[in-house]
Each structure stands twice: as C-alpha cells, then as structure tokens.
**Student:** 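Please find one structure pasted underneath; my questions will follow.
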Amino acid sequence: MTKRQSKQPVDESRRKFLKYSGAALGGAVVGGVIGGLVGSNLNKSAKEAPTPQESEETPTARDQDYNHALMFFSQEQFQTTEAAAERIYPKDDNGPGAQELGVAFFIDHQMAGAYGFNAREYMSPPFYKAEASQGYQLTFKRRELLALGLDALNEYSEQKHNKKFYKLSPEEQDAVLTAFEKDEVDLKDVPASAFFAMLRNLTIEGAYADPLYGGNRNMDGWRMRNYPGNQMSFTEEIEKEEFIKMEPLSLRDHLQTS
Amino acid sequence: MANKLPKVPVVIVGMGWVGGIIAAELTKAGISVVGLERGKSRSTQDYYHVHDELRYASRYELMQDLSKETVTFRNTEKMRALPMRSYGSFLMGDGVGGAGVHWNGQSYRFLPYDFEIYTKTAERYGKNKIPQDMTIRDWGVTYDQLEPYFVKYEQMAGISGPAELPEHLGKMSKPFPTPPMKTTPAMKLFTDAATKLGLHPYIIPSANLSQDYTNPDGIERAVCQYCGFCERFGCEYGAKADPVVTVLPVAQKSGKFELRTYCNVTEIMHDGKKATGVKYVNTLTGQESVQPADVVVLAGYVFTNVRLLLMSKLGQPYDPKTQKGAVGRNYAYQTNGAGSSVYYEDREFNLAMGAGSLGSCLDDYNGDNFDHGDLKFLHGANIRFTQTGLRPIQYQPAPADGPRWGQAFKQATLHNANRILGISGQGASMPNRYHYLDLDPEYKDSLGLPLIRMTFDFLDHDRELVKFIASKTKEIADQMGGTKTTVNDTIKQYNIVPYQSTHNTGGTIMGADPDTSVVNSYLQMWDAENVFICGASNFPHNGGYNPTSTVGALAYRVAEGIEKYMNKGGSLV
C-alpha cells in the first residue's frame, strides 16, 4: 500500500493536465475551463505557509467555525438531532462520529434551504394514499417532517423513560430509534419510519458531503473511508495495482480568489 | 396575447444530443435553424466546482425541476397514477445539452438483431415464442442501413474503443476514432475471468476521450482525467462528449443558428395535416410566443416528445383496449437488477478513481447471441464491470441483511468501501400491450397543462431474464479470485423510488406500418409530413445497452431526411 501524502496534489495534477492536454490544445474552441485552471492561486497552497489556526488541532481553533450555528433548529431540536445522528453514525475506533463531524449543523443548514422546503419537488395536491412503488406522497415538507419527528422522539422518550431523548443512555436511544425505524410508534400522525429514513440519510450526507456544507468536519468522514475527495485527475494512478491513500482535498482548495 | 414571430425554415424543440446534432448538420448545409430550450445555457466553465457529490448527485443540480413538471406513475391500469414527487428511478435532464450533459458516456451500437427483432425471433423460434401481449416489432430500418450514421456519430463524439469487437456484434465499416480507455486492475480481473469461461469480453466504448481528439468538424477536446465524476455531473475538461462541447459550437459558428433558452414549448400548431409552427412560453417572463416554421423537429426526452404530441392533438393516441393508435405505445425501460458482488478481504482497489464509461463488458448473453429455445424470455443483457468512481454518500456497501445504521453499519461501509467489485447485467426491456404513456387526467404542471402518465411494470419474462443473467454474473464473479461472492437474481414489482436507469424508451416509435408507429424510418411523422420526431422515444423496444449511440445515429439519419424533405417535400418513404 503506498501513500501519496502531498500537500499540493491538486497543483501537481493541474500541471500534468496542462502539460499533457491544455498546452496541446492551445486556442481550443471548447474546454474553456482550461483557461480557468491557470488561475491566480495555482501555486498558492504550495507557496503559502499554513496559518497557525489551520495547523493547530486544538479545540480553540475548531471553535472558530462561525458557520457552526443554527439557521433552523431550536436548541432542543439541535441537541436531539445531534444525539440521534451520533447513534446512527457513532464515534468508534475508526474515527469520529456524527457529533464530532458536525452532522447536526449540516442537517440544520439543509433544512434552512431549498432542500428543507422541497423547493424542486412536485408538492401540488391532490395527495392520495400510495402504493409503495409510487414513492413519497405525503404533504409534509422535509423541515416539517423533521421537526415533528424530533418532537416525537422526545415525547416517546419521556413516555418510556421520563427523559428527553438526548438525555437517554446510548442503548436506550438505540431502542427508541429502532422503534421509529420499524414504525412501532404512532405519535401525532408522524410517519415514524419516513422520518427515521430521512434522518438516517441526512446523517450519512452530513458525514460525507464536502465540508463546505457544515458536516464532514476537517474532511475526517472522507479520511475514515480513504476517500480522496475532490481531486482533479487520477490519470497517473488509475492503472496502479496497489491501493493509494491520499490526503483528501475539498472544494475550498479549488476556490480562486482575487 | 401570444407574440407572433417571423417564420423560420426549421424550429427544433429541445437542445440535447438530438437537437444539437440536427442543428449542426442543417446549419452546415446552409439551412437556418431556431433551437428552443426550456432550460438555461451552459459551458464547461460552469463545472469548475463540479466535484460536489451532494449538489450534483444527491440534489440533482442538472436535472429537471420537478416542482414545475414531473410524470405520474402506476404499475397497472387498476392503480391510480400518482406524481413522482422526488427523483428516484430515472433522471430527466434540463438546460442546454439536456441529459447529454449528465450521462456517463457508455457508447454501444444496438445489435443487428434489435432492429429486426420480430422477424429474427420468428425465424429462429417460430412466432409462438413471442408472448401474446408482447408487442415487439421490426424498427423499419436495419442495422446495415443505420451503420453509416453510427460512424458519423462516433467520429463526431470521438468514441474511444477497441480496434476489434467480438464477432457477435454489428460490423463496423470504420473503427472507433480513438483507442480504448485505460485498463484498471479490476477490469483485468473481470476480463481474465470471462475469458477463462470462454466468453468474449471487450473494453466498453466510451465518450470519455482516451486521448486528445479533433473531430471532423474541427472541434478539439481534451483527454479524460479519470476524476470519477461523470454521471450526474458535467465535465469541466470537455473530455466527456456532450452537445455543448461538440455539435452546438458547430451550429453556432455557422451563423445560421439561433439558440433561445428559457423557452418551454407547450404546443405544436397544426391544421390536421401539417404543422405550422410551435407555441412556447418564456419561463422567465411568462410571455407566450408563436414561432411559425416550415419544419418542426421534436428533439426532447421521451416524455416531452410524447406529451407534446398528445397535448397538441397531433397523431392518434394509443388505446390499450383496442390496440389502435400509436402515440404513447411501446413504452419500455431497462431490466436491471441482475448482478453479483466479489469481495476481497485481502486487497483494496482504487474505486474512487474512474470514468463514466470506464469498464469491460461482454455480449455473449445479449440480444440473440445465445439460444433462447428453452428460456422463458427474449433478448438478454450486456454484462459489465464498470469503474465509474464510487462516492461516499451514494455508495453504502453494507450487507443487505445487516443493520442499516449504527456502529456495525459504519464499520462495514468503511471496511468495504474499496473491497467490492460489482458485475451487473443491463437487461433489455420488451414492450407490452399494457405499458404505455398518456396524459394524466388529474395532475398538472406549473402552467396548468396535464402531466404525462406512465403505466409500466416488470413481468414474468423480466424476472426470468434477471434470474438467468444473474447466474451468468455469478459464474464470472466466482472466477475473479475474491474471498466471497454474492448474487442478486430477483426483481419484483417495478418501483419508481430506487434509481435504476435513465434509459426510458418508446412512445413515438418508428416502423414501417403507419397504423402502429408514429414515424417512418426517417423519423418523419406519418400524420404530418413536416414534423420530425427523434430520440429514444423512437425505440419500439429497449436493448441491453445504453441508448445514446443509437439515438445519435438516428439523429444523423433524421438530419439527412429533413434536408431531403426541404428539397422535395412529401413522404420520404
């Protein structure tokens, strides 16, 4: 197993790309992004020393993420989401869980935007009961279903254990979530399994989406999977027999600033 | 009040592969063309930040906005059709380039058998082999007739493929213009295993370029970087052939082409015999316009082409009770689901790396390349291993019978992320009397116009095909030197929720019989000689392949047909 631990693989691959393709193309009719690749920051990450904040793995440095604040959730909904997501994607020997990865912030931000409002989905009436083969046919928007589901998690936990969901032991939390997953809960018309499936999917997205969305903190979700993130080229590696570990790159690494 | 515009020679509805090819060919011949596209304009520069799985793959950035228009679906006529409220089974494109932007680039020619499926089946097995309600038919064009147009398409797109293909595929009069893609260790395992079994694997012909390429129109494109972001993404390098980087620049350079974006066509204007033009709505301003034209070309996706004919009351709608009428009949799909997985406890592969059409495949069990005498299905599947680039949100490799969340799930997905190779069959889909498209009686789009309604299900012969193909994938998988193999050999009812394939076909099918087909072999409408309809909606059934090369070939043929028609008029057959 080899490691490619370069600090600037993006620049390497860009140079390679320019060398093998871009230069040959010259004034190409199409492929306009080639011009964009020769950007002002082409060598920036290689030349500039990392700032102290970037290099220090201290809690103080992490707390500087001003994006980690709430756009949609109440404080209690946030705590409930964070606790539930951590059970869906827990911290273990492999690395951080949902809480450390910032998954609850990811979910909060998603619910505040177009996805939470089902903005690009067909939400016109009438609504009829569907066969399973016909997919989601409820009037709930995602943000509504999630908010109701989180309340239901707490209500069910209080009925069973006299505590809010986020105060339960991990084993108790798993049992509550399982009851929702299996539709064994009937609270205020909340379709428990639809809520659970959505929460599960959002948790996985929050663990593995580009960190720009608020989760996958420090790209640690990608690191655990040996996923290289956003690389420009694998031309040199694609035929290699051995598995190649790479330091991942995010979309942030591609941003050109003037 | 609709704004009436000056008449133009040709108006094309939809600016995907078909619209782009026709626009390029006609303008090169000196014919003025107006292209109408309901979505926005595009260029490769839009994809500088395209390596974003959430935005493009999970949130469908490049796809049609379903809040404005979707389809309704039911398995049988006994069910009430309900709208596809969010994406699942298939993904409709939007904007300039259409679905030709977010495709993978796998580029197969349909088999000679496909174009004469009825005749060849009857010849070899007798007519009784064809089940009662299976409405397969010859396409009205043979492989040999279509062959020169395949060549045109492949040269234009720069298809990268092997110098020689197995003998049971259609003969090529001209080899692929660029050599095959690179071979990965996993592709080698598949190929070696298949060869050992006496099968005939080959590298998948690809619209992701294996080397820099200049096509006959002088369009230069760069080599693929194997970055692993093809399907659902646009290509920032222009290495993946799409209309925006191939045919549309040619049309634009001619000075004879006017592209109008944000124009959603709602009606083909006609007098019952010929079309007079189209009506469209500017989706930004709401302004209605009428564009008169000598020739109207429908170049939308399957659903758009059928829906526009039905909304415009042009052609005879298909009625499954009487089997009369042609518009909407022979809707077919892709019979996927057969597959095997090979696990390797002792090694990992670089599965994040890849390209949309990087892989190896075989056709020993596709078309009629094997004896169906004792089998309860017709046709077959292309069996393949692809390395398209696995991404962490959409790929969760945990055992199907294990937990779907929690620590065990997390550990399984992390452990397996680069240890499983999948062999799968892309099954052909046979048409059926009761599978069709019509207008939904209840649900409307954002303009108040009826949605298209799909009635479709998997039938027993589909389940038999999947079972058979799955057993073949298992034989290959077992030869691949893994530590464990698993197989999926079962499909049930068609379910619109999980993603399966964006290879929807039929509805405006081609043929030699005006009563049961919508267009002739030049894709000219039987009921209106100045209307040409082209796309996978022309397919009377779907083969065991990705459809784009065959659609591309048809587009070159229809371009030639339109030119002929403009010179002399009348029916082209």
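All chains are named by letter (A, B, ...) in the order of the sequence lines, taking the proteins before the strands, and each is independently numbered beginning at 1.
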**Student:** So which of A/A209, A/P90, A/A119 has the biggest tally of heavy-atom pairs under 4.5 Å with chain B?
**Tutor:** A/P90
**Student:** A/H254 vs B/H51 aromatic rings, parallel, tilted or perpendicular, using cut-offs 30° and 60°?
**Tutor:**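 Tilted: the ring planes of A/H254 and B/H51 meet at 30° to 60°.
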**Student:** Tell me, for A/R225 versus chain B, whether the close heavy atoms (under 4.5 Å) come from the side chain, the backbone, both or neither.
**Tutor:**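 For A/R225, the contact with chain B is made by backbone and side chain together.
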**Student:** Given the rule in the salt bridge (charged side-chain N to carboxylate O under 4.0 Å, His left out) test, do A/E241 and B/K188 qualify, once you have shown the distances and angles that lead to the verdict?
**Tutor:** CA-CA 10 Å; A/E241 284 286 337; B/K188 232 179 279 168; 3.6 Å; yes
**Student:** Among A/L212, A/N226, A/D174, single out the residue with the greatest number of heavy-atom pairs under 4.5 Å to chain B.
**Tutor:**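 Option with the top pair count is A/D174.
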**Student:** Chain A heavy atoms under 4.5 Å from B/D65: which part of the residue, side chain, backbone, both or neither?
**Tutor:**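 Contact with chain A: backbone and side chain both.
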**Student:** Given that the side chain runs from C-beta out, which part of B/Q211 has a heavy atom under 4.5 Å from chain A: side chain, backbone, both or neither?
**Tutor:** neither
**Student:** Mind listing the closest non-hydrogen atom pair of B/R85 and A/Y136 along with its distance?
**Tutor:** CD-O, 3.5 Å
**Student:** Below 4.5 Å from any heavy atom of chain A, which atoms of B/E442 appear? Answer side chain, backbone, both or neither.
**Tutor:** side chain
**Student:** Could you look at A/N201 and say if it's the side chain, the backbone, both or neither that has a heavy atom under 4.5 Å from chain B?
**Tutor:**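 Neither part; nothing is under 4.5 Å.
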**Student:** Walk me through whether A/E205 and B/R59 qualify under salt bridge (charged side-chain N to carboxylate O under 4.0 Å, His left out).
**Tutor:** CA-CA 11 Å; A/E205 287 177 351; B/R59 301 286 182 264; 2.6 Å; yes
**Student:** Looking only at heavy atoms, which of residues 104-116 of chain A get nearer than 4.5 Å to chain B?
**Tutor:** A/F106, A/Q110, A/Y115
**Student:** Go through A/W222, A/F127, A/Y208 and name the one with the most non-hydrogen pairs under 4.5 angstrom from chain B.
**Tutor:**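 Going by pairs under 4.5 Å, I would pick A/Y208.
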